[in-house]
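This report refers to the structure that appears directly beneath it.
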Number of protein chains: 2
Amino acid sequence: MQRKATALDVAKRAGVSRSAVSLVLNGRGDGNVAKESQDRIRRAAVELSYSPNPIALSLRNQRTRMIGIVSDHVVVSAFDGNIIGGADDVARSRGFVTVAMDTEFDAARDESAVETLLDRQVDGLIYVTEGLKPLDVPPGMLRVPSVLANCYDNAPVPALPHMIPDEVRGGREATNHLLELGHRDIALLAGAAGSAAAPLRVAGYREAFAEARLDVREDWMSWVGWDIDGGFHGAMKLLDGVSPAERPTAIMCANDRAAIGVALAAARLGLSVPGDLSIMGYDDESHVADTMVPTLTTMALPLREMGAAAMTALLAQIEGPGKSEGHGKSEGPGIPVGPGISENGRAASLETLAPCRLVIRESTGPAAHR
Amino acid sequence: MQRKATALDVAKRAGVSRSAVSLVLNGRGDGNVAKESQDRIRRAAVELSYSPNPIALSLRNQRTRMIGIVSDHVVVSAFDGNIIGGADDVARSRGFVTVAMDTEFDAARDESAVETLLDRQVDGLIYVTEGLKPLDVPPGMLRVPSVLANCYDNAPVPALPHMIPDEVRGGREATNHLLELGHRDIALLAGAAGSAAAPLRVAGYREAFAEARLDVREDWMSWVGWDIDGGFHGAMKLLDGVSPAERPTAIMCANDRAAIGVALAAARLGLSVPGDLSIMGYDDESHVADTMVPTLTTMALPLREMGAAAMTALLAQIEGPGKSEGHGKSEGPGIPVGPGISENGRAASLETLAPCRLVIRESTGPAAHR
DNA sequence: TTGAAAGCGTTACCAT
DNA sequence: ATGGTAACGCTTTCAA
C-alpha cells in the first residue's frame with residue numbers, strides 16, 4: 001500500500017510551504033496567499049488526490065469527528081438497528097463517523113463501553129435502547145455532549161436530552177382507527193407490564209375510550225408480553241369457546257409479533273380476519289407486518305426519525321446547527337427533523353417526542369353488525 | 001472536562017523523562033530503567049490514572065486498532081447483526097474497536113464506505129452481508145488485510161478469505177432429521193431462486209434423498225421467497241383441497257418466516273402441527289422460532305461463530321495469532337473458533353465453512369402412519 | 001505574501 | 001542507566 005499524499009507533498013508539488021497549503025485548503029487563503037499560488041495548490045491537491053489525515057487532524061484539533069453510539073442491543077436488532085441507521089445517515093452527511101458498541105443488555109458493560117469510546121476521544125455520545133426504558137446514564141456520558149434515543153435519564157434530576165416515541169398518542173390513534181371502523185368491543189393484549197412503553201400505550205387506549213365516552217372492559221385487557229406465544233394464548237383466552245356475541249370484534253396487540261400469535265389463534269378457530277376479527281399490530285416490523293396473511297395494520301415506530309433527530313441535536317450541540325462543513329458527501333442543511341417531531345411542554349424541556357405513524361393494511365376492517 | 005493526564009505528567013510526578021515512562025509502561029523497562037524509577041513511574045501512572053492517548057498512538061504507530069466493518073444491511077438486521085456481534089466480541093477482547101458502516105444494499109456506497117474507513121486508517125476490514133452472496137469486492141479492501149463474512153469474492157481469481165455457513169450440509173441435515181422421523185413425503189419451500197443460499201440448501205436436500213435412495217418429488221419443490229406470504233401460499237398450494245394420502249407429511253421451509261406462513265396455512269386448514277404436518281424452519285430467528293406455537297424446529301445459522309471466526313482470522317493476519325496484547329479487558333488466548341469450523345479442501349483455501357446447528361423443538365414429529 | 005516554528009501525545013533512536 | 005530529540009501530519013501564530 002503506497003503511502004498517501006501529505007500536505008508536504010502537495011506543498012512541494014506546488015512549490016510553496018506547508019502552511020500555504022493548509023490555509024488555502026481550509027478556505028483561509030484569500031488575503032494570505034497569492035491567487036496564482038492558490039490555483040497551483042488546489043491543482044496539486046487534486047492531482048495527488050490529497051485529503052488530510054484524520055488522525056493528525058484529531059490530534060491537532062482535539063476533535064475526532066467520531067460519534068460513539070452505545071446500545072443495549074444494537075447490532076442484533078431490527079429495532080434499535082433502525083435508530084442507529086437514522087443517526088448514521090445524519091452523521092455521514094456531515095462528515096462524521098459513528099462507532100457503535102453493543103453491550104447486549106449487560107448494564108455492567110455500559111460504563112466500560114462509554115470509557116472505551118471516551119478514550120478514543122469521540123466528540124459526542126448517543127445511547128440507544130431497543131425498547132423504551134429509563135436509563136441509568138453511565139457517568140462518562142456527562143463528560144461530552146450526549147443524547148439519549150428511545151430511553152430517558154433515570155436520575156432524580158435528568159441531565160441529558162432524549163428522543164422518544166410518543167407512545168401515548170400511538171396507543172390513542174391506534175384505538176381511534178378501530179373506533180372509526182365501528183368497533184366497540186376492542187380487546188387489548190398489552191406487552192410486558194414491567195416495560196416502559198406498554199403502560200403508555202395502554203394510557204392512550206384509555207384516552208381514546210374516554211374521548212369516545214365508552215367504558216374499557218378491564219377483563220379484556222391483559223399483559224401477555226411481546227412474543228408470538230403471548231399473543232396466541234391471549235387471543236385463545238378471549239376467543240376460544242366464546243359465542244360470537246360475547247367476544248371482541250377487534251384485538252389490539254402490543255406489537256406485530258403478538259399479532260402473529262393472534263392471527264394464528266384466529267386461523268385455528270376458523271375466524272376470518274378482518275371479517276370476524278380485526279387485528280391491530282404495533283411497530284411495523286419489516287418483513288413481518290408487510291408480509292403477513294393478511295398484511296397487518298399497525299402503528300409504525302419512528303425509529304429512523306428518532307435516530308436522525310438525536311444525531312441532529314447532538315451535532316448542533318457539538319458544532320452549531322447545520323454547519324455542514326462541506327465534507328464532500330451529499331448534504332444540504334442538516335437533515336430536517338421531520339414533520340410532527342415536537343418538544344414537550346416543560347420549561348427548557350429535555351424531551352422530544354416523535355410521532356408514530358398509522359399504517360393501514362388488510363388486518364383491520366369494519367366491525368361486523370351484531 | 002479536565003484534560004487527561006499525559007505521559008509528561010507522569011514523568012514529572014515520577015521525576016523522570018517521558019522516554020522512561022514510555023519504556024517502563026511498555027514493558028521494555030528492565031535493563032533500561034532503574035528498578036526504583038520503574039516503581040515510581042508505575043505508581044504515578046496509577047495515581048493519575050494515566051492511559052496513553054490512542055490518537056497520538058495511532059499517529060505514531062500508523063496503526064489505529066480499529067477494524068472497519070462494512071455491511072449491506074448491518075444495523076438493521078437480526079441476521080448480519082449477530083455476525084457483527086460475534087466479530088465485535090473478539091475484537092474487544094483483543095483491544096480493538098470496530099466501526100461499522102451500513103450501505104443499505106446500495107453497492108454504489110460500498111466503495112465510499114471503504115474509502116471513508118481506509119481514510120480513518122483502520123487496520124483491517126470485514127465485509128458482512130445479510131444473506132449469503134457473491135460480492136464484488138470494493139477495490140479498497142485489497143489495500144489492507146480484509147476478510148469476508150457470509151459472502152465470497154466474486155472475482156475470477158478470488159483474493160480475500162471468507163467465512164460462510166455450510167448451507168449444503170445444513171440442508172442435508174435438516175432433511176435427515178425429517179427422514180429419521182419416518183417422513184418420506186417431504187415438500188420443500190425453497191427461498192428465492194436467485195439467491196446464493198437457497199440452491200445450496202436444495203442441494204443438501206437432494207443429497208439426503210439420494211443417500212436414502214429416495215426420489216425427490218419435483219412438483220413439491222418451489223421457490224417461494226423468504227417471507228410469510230410466500231410460505232403461506234406455497235403451503236396452501238400443497239395442502240388445500242388435497243386428500244390426506246396425497247399431501248406431504250412434512251414441509252421444509254427456506255427460513256423461519258416462511259415457516260410462519262406454513263403454520264398459518266395449516267391452522268386455517270385445520271391441520272395440527274406436528275400431528276398432521278411437520279414443519280421445519282431455517283435460521284433460528286430469535287423471538288420467532290423459539291416463541292412460535294408450536295415452537296419451530298429449525299436449522300440455526302452460525303452467525304456469531306462466523307463473525308468471531310472472521311475477526312480471529314483478520315487479527316491473526318494483522319498481528320499474529322492470539323497476541324492479545326494485555327489490553328486490560330478480560331481475554332484469554334484468542335477466542336476459539338468453535339468445534340466444527342473447518343477449512344475447505346482446496347489448496348491454500350480461502351474458504352472456511354461454519355456448520356449450522358439443528359435445533360429440535362415442537363413443530364416436527366413422527367410421520368403419521370398411512 | 002510567504003515561510004519558519006511550535007504544539008498535539010507518543011515512541012524510538014542516539015547521545016550522554 | 002538516562003534523557004534529549006526527531007518524527008508521525010496537521011494547523012496556527014508569528015516574524016520576515
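Being a predicted model, the structure only gives us computed values, none of them experimental. As a basis for the values below, the full set of heavy atoms in this structure was taken, side chains included, without hydrogen atoms, waters or symmetry mates.
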Once side chain to side chain donor-acceptor pair (under 3.5 Å) is applied, do any residues pair with [X], and if so which ones, sequence neighbours excluded?
X	result
A/Asn53	none
A/Thr98	A/Asp88
A/Asp110	A/Thr103, A/Tyr127

Pick the closest DNA chain C nucleotide for A/Ala56 and for B/Leu23 by heavy atoms, then say which residue is nearer the 5' end.
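Closer to the 5' end of DNA chain C: A/Ala56.
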Test of understanding: with side-chain contact (heavy atoms from CB on, under 4.5 Å), list the residues that count as partners of [X], not counting sequence neighbours.
X	value
A/Asp106	A/Ala108, A/Arg109
A/Asp119	B/Lys4, B/Ser51, B/Pro54
B/Ala20	B/Val16, B/Ser17, B/Val33, B/Ile41
B/Leu59	A/Ile55, A/Ala56, A/Leu59

Pick out the pairs of N or O atoms, protein on one side and nucleotides 5-7 of chain C on the other, that lie under 3.5 Å.
from, atom 1, to, atom 2, distance (Å)
C/dG7, N2, A/Arg60, NH1, 2.8

Among D/dT11, C/dT11, C/dG9, which is the nearest nucleotide to the side chain of A/Ser22?
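Nearest listed nucleotide: D/dT11.
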Considering only heavy atoms, which members of residues 34-51 of chain A lie under 4.0 Å from some atom of DNA chain C?
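Residues of residues 34-51 of chain A that come under 4.0 Å of DNA chain C are, in numerical order, A/Ala34, A/Ser37.
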How would you list, by chain and number, every residue that makes a salt bridge (Lys or Arg N to Asp or Glu O under 4.0 Å) with B/Glu115, sequence neighbours excluded?
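Listed in chain order: B/Arg143.
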Quick one: salt bridge (Lys or Arg N to Asp or Glu O under 4.0 Å) partners of B/Arg13, sequence neighbours excluded?
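In terms of salt bridge (Lys or Arg N to Asp or Glu O under 4.0 Å), with neighbours along the sequence ignored, B/Arg13 is linked to B/Glu47.
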To the nearest 10°, let me know how far the axis at one end of the helix from C/dT1-D/dA16 to C/dT16-D/dA1 is tilted from the axis at the other, five pairs an end.
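Rounded value for the end-axis angle: 70°.
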Does a side-chain N or O from A/Asn32 land closer than 4.0 Å to OP1 or OP2 of C/dT2, or not?
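Checking C/dT2 against A/Asn32, no side-chain N or O comes under 4.0 Å of OP1 or OP2.
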